[in-house]
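What follows is one structure encoded as C-alpha cells, with my remarks underneath.
FYI, side chains are in, hydrogens and waters are out, and symmetry mates aren't considered; it's all heavy atoms of this structure. The shown structure was predicted, so the numbers you read here are calculated from the model rather than taken from an experiment.
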There are 2 protein chains.
Amino acid sequence: MATGRTHRPATRSRGIPEATVARLPLYLRALTALSERSVPTVSSEELAAAAGVNSAKLRKDFSYLGSYGTRGVGYDVEYLVYQISRELGLTQDWPVVIVGIGNLGAALANYGGFASRGFRVAALIDADPAMAGKPVAGIAVQHTDELEKIIKDNGVSIGVIATPAGAAQQVCDRLVAAGVTSILNFAPTVLTVPDGVDVRKVDLSIELQILAFHEQRKAGEDAGQDDGSDDARAVAAREARRAVREVREAAGKTAPDAPTGASDRKGPDGDVPAVMPA
Amino acid sequence: MATGRTHRPATRSRGIPEATVARLPLYLRALTALSERSVPTVSSEELAAAAGVNSAKLRKDFSYLGSYGTRGVGYDVEYLVYQISRELGLTQDWPVVIVGIGNLGAALANYGGFASRGFRVAALIDADPAMAGKPVAGIAVQHTDELEKIIKDNGVSIGVIATPAGAAQQVCDRLVAAGVTSILNFAPTVLTVPDGVDVRKVDLSIELQILAFHEQRKAGEDAGQDDGSDDARAVAAREARRAVREVREAAGKTAPDAPTGASDRKGPDGDVPAVMPA
DNA sequence: TCTTGTGAATAATTTCACAGCT
DNA sequence: AGCTGTGAAATTATTCACAAGA
C-alpha cells in the first residue's frame with residue numbers, strides 16, 4: 001500500500017480525467033462551428049457525431065464539468081462554449097513564444113487556430129541572426145539572445161519548441177529557467193524538465209508510423225482468411241521469432257535483413273503478406 | 001483463466017494493445033539514437049529513461065512482441081531496432097502523398113523524420129495552379145487534378161492532409177476513392193470515412209489547449225505554497241473563480257439565462273456557473 | 001414524449017512484485 | 001547477482017442501461 005503522500009480523492013472540479021480533458025478541445029471546436037451557424041441547442045447525440053465520439057462518452061465527460069444540459073432538450077451551444085472555454089482556461093489570455101522559425105515554426109505562427117482561442121503569439125524566436133527582424137506572420141523574428149527578456153516582459157508561461165532536435169533541450173532549459181512552465185515540443189526528442197513543468201509533444205513521424213502499423217495489419221489480414229485459430233498462429237509467430245533469434249546468435253553479429261533495400265512496392269493488389277516473417 | 005468463453009476477443013494474437021503500438025515509435029527513436037552511438041545492448045531501465053516511460057511498462061510492451069531480451073543482460077539494440085521496425089511495418093516502403101502545400105505542408109515535406117523511416121514522399125499536391133511545378137523539398141508540386149492518377153500510379157495507401165479545414169473532407173473523399181486507406185489529418189476538422197479506412201489527426205491547437213488547462217490548474221492550486229510565484233494571471237484566475245461563485249451564491253438558485261436548477265443536485269461547487277456569455 | 005446525468009458493468013492500461021533464466 | 005518476462009492487482013477509461021426530469 002502506498003503510503004506517504006496522500007493524493008486526495010480528487011476534489012470535484014479538479015478531478016477531471018485526463019482523457020476527458022483531452023477531448024474538451026474537440027467538443028469546443030464542434031460547438032464553435034455550431035455557434036457560428038447560430039444553432040441554439042444541440043443534443044449529446046448530435047454533438048457527439050460532430051466531434052467524432054460516442055454520445056455516452058460525451059455525456060460522461062460533461063458530467064465531470066457539471067450539469068449544463070437540459071433533459072429532453074439538449075445543451076445550449078453558447079453556454080457550453082463558454083463553460084468549456086473557461087474550464088480549459090481559454091477565457092484568459094495566454095501569451096506564447098515560438099522558438100525555432102523554420103518551416104514548422106512559420107506554419108505554427110500562421111496557424112489561425114491559436115489566435116482564435118485564447119492564445120496570442122507574443123514572440124517568434126530563432127537562433128539564426130539572419131532571421132532577426134524578418135517578419136513572419138506579421139511578427140518580427142527576434143534572436144535567441146532576447147529569449148529571457150521576452151519571457152519575462154510578456155509573462156509568458158507557455159513555450160512552443162520547433163527547433164531541430166539537437167537544440168531542443170537547451171532551448172527548453174532556457175525557457176524553464178526564464179519562467180515557462182508549459183512546453184509544447186515539436187522536436188523529435190524527449191525533453192527533461194523539472195517537476196511542475198508540463199511537456200506535451202507532437203511528433204509528426206510517430207503518427208505516420210502508427211498508421212503504417214495498421215496499414216500493414218490490414219494488408220496482412222486481407223491476404224488470408226482470418227479467425228481460424230489465432231492462438232496457433234500466435235504460437236507459431238513466436239516460435240518463428242525465437243528461431244530467428246537463434247539463427248542470428250549462431251551467425252554472430254550480423255543483422256538478418258537489414259532495414260535497407262526494402263523495395264517491396266506496396267500496392268493495392270500485390271500486397272506482401274507481411275504477417276508472418278519467413 | 002481457463003474458462004470456455006464462447007467468444008474470444010477476435011484479435012488475440014496480433015492483438016498488440018493500441019497504447020503499446022503508440023509507444024513503439026518512441027522506443028524506436030530511442031533505440032536508433034543508441035544504435036548511432038554504437039551502443040550494443042541496453043537494459044529496460046536505460047531504454048525506458050531514454051524514451052521517457054517507466055521500465056515496467058516498456059517490458060510489458062515488449063512482451064507483446066515476443067521475448068527479445070536476454071535476462072541478466074538486456075536487449076540487443078540492433079536486433080530490437082529491426083524487430084520494432086518490422087512490427088511497425090517500416091521495413092517496407094510506404095509512398096505517401098501530402099495534399100495542401102502551405103506552410104505546414106511544406107514543413108512536412110521537408111521533415112526528415114519521414115524519409116529516415118520507411119516513408120517516401122511520392123508527391124506533393126496543391127489546389128493552387130500557381131503552385132504547380134514549384135519545387136518544395138526538391139519535389140515539384142502537382143495540381144489536385146492529378147490526384148487520382150498519382151495515387152494509382154504510385155500505389156499510395158497513406159495520405160497526409162494539410163489543407164485548410166474547408167477543403168479537407170473533399171480531399172479525403174477523393175483520396176479514399178482513389179485507394180488510400182490511411183489518412184493523417186492536420187486540418188482542424190473531423191473527417192468522415194468508410195469502414196476500413198484509418199484516420200489519425202494532429203491538431204496543433206488541441207495540444208496547446210490541454211497545456212492551458214494544466215497551466216490554469218497549476219496557477220489556481222499554487223495558492224501560497226511555492227516560492228514567490230508572482231504570477232498575476234494565477235491570482236486573477238483565482239479571483240475570477242471566486243467572483244463567479246459569489247455571484248452564483250448571491251443569485252440563489254436561479255441562473256440568469258441558464259438552464260435552471262444546476263444547484264443542489266450535482267454541484268461541483270466552485271465551478272457552477274451563473275455568468276453567461278452574451 | 002425526449003434527452004440528460006450517472007451508477008454499475010465492462011474493458012483497457014498501468015503498475016507491482018517476483019519467478020525464472022542468463 | 002542481475003534483468004527480463006509476466007501473472008495479478010490496481011487504476012483508469014469506456015460503455016451500458018435506465019431513473020429522473022423537462
Side-chain angles (χ1 to χ4, degrees), chain A residues 1-3 7-10 12 15-24 27 40-49 51-77 79-80 83 234 238 241-242 245-246 249, chain B residues 1-3 5 7-12 15-24 27 41-49 51-77 79-80 83 253 255 258-268 272:
Chain A
M1 240 108 28
T3 45
H7 232 247
R8 215 216 239 106
R12 337 315 196 207
I16 300 179
E18 198 54 39
T20 294
V21 171
R23 281 188 295 266
L24 292 181
Y27 301 144
T41 62
V42 67
S43 71
S44 62
E45 205 69 58
E46 294 163 327
L47 183 54
V53 303
N54 111 345
S55 68
K57 194 189 286 184
L58 177 141
R59 289 200 301 279
K60 187 61 125 183
D61 283 343
F62 285 178
S63 80
Y64 294 116
L65 309 184
S67 295
Y68 293 155
T70 306
R71 292 171 201 240
V73 178
Y75 301 92
D76 181 292
V77 171
Y79 186 55
L80 204 46
Q83 290 302 340
R238 192 164 186 156
R241 279 183 213 120
R242 202 158 265 149
R245 173 160 149 234
E246 275 158 17
E249 277 164 359
Chain B
M1 48 169 53
T3 39
R5 214 37 133 47
H7 191 267
R8 178 173 341 149
T11 47
R12 201 183 133 100
I16 300 178
E18 198 53 39
T20 294
V21 172
R23 280 188 295 266
L24 291 181
Y27 302 144
T41 62
V42 67
S43 71
S44 63
E45 203 70 58
E46 293 164 330
L47 183 54
V53 304
N54 110 347
S55 69
K57 195 188 287 183
L58 177 142
R59 288 199 303 278
K60 186 62 128 183
D61 284 342
F62 285 177
S63 81
Y64 294 116
L65 308 184
S67 294
Y68 292 156
T70 306
R71 294 171 200 237
V73 177
Y75 301 91
D76 181 291
V77 172
Y79 184 56
L80 204 46
Q83 289 302 338
K253 289 181 78 154
T260 60
S263 40
D264 49 34
R265 175 81 199 132
K266 147 92 183 174
V272 175

Please list, pair by pair, any protein nitrogen or oxygen found under 3.5 Å from a nitrogen or oxygen in nucleotides 20-22 of chain C.
residue : atom : partner : partner atom : Å
dG20(C) : N3   : R71(B)  : NH1          : 3.2
dT22(C) : O4'  : R71(B)  : O            : 3.0

For nucleotides 16-18 of chain D, give me every protein contact, N/O to N/O, under 3.5 Å, one pair per line with atom names.
none

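Inter-residue side-chain proximity for I16(A) and L65(A) is flagged as met; some heavy-atom pair is nearer than 4.5 Å.
The side chain to side chain contact (heavy atoms under 4.5 Å, CB included) test applied to A48(A) returns V53(A), S55(A), L58(A), not counting sequence neighbours.
The two residues D76(B) and T41(B) have their closest heavy-atom pair at CA-CG2, 4.3 Å. Between S43(A) and E46(A) the shortest heavy-atom distance is N-OE1, 2.9 Å. Closest heavy-atom contact between Y75(A) and G69(A): CD2-CA, 3.4 Å.
Atoms CZ (F62(A)) and P (dT6(C)) sit 14 Å apart, rounded to a whole Å. The distance between atom CG of D61(A) and atom C1' of dT14(D), rounded to the nearest whole Å, is 10 Å. Going from atom CD of E45(A) over to atom C1' of dG5(C) covers 15 Å, rounded to whole Å. Atom CG in D76(A) sits about 16 Å away from atom P in dA22(D), given to the nearest Å. The CD1 atom of I16(A) sits 16 Å away from the C1' atom of dT6(C) (whole-angstrom rounding). Distance Y64(B) OH to dA12(C) P: 11 Å, rounded to the nearest Å. In this structure, CG of L58(A) is placed 12 Å from P of dT14(D), rounded to the nearest angstrom.
Of the candidates dT15(D), dT14(C), dT4(C), the closest approach to any side-chain atom of K57(A) belongs to dT15(D). Among the nucleotides dA13(D), dT6(C), dG5(D), the one closest to the side chain of S67(A) is dT6(C).
The CG atom of D61(A) lies 11.0 Å from the CZ atom of R59(A); values are rounded to the nearest 0.5 Å.
At a threshold of 4.0 angstrom between heavy atoms, the contacts of Y75(A) are confined to the sugar-phosphate backbone, with no base atom among them.
Aromatic rings from Y68(A) and F62(A) are positioned such that their centres are separated by 6.0 Å or more.
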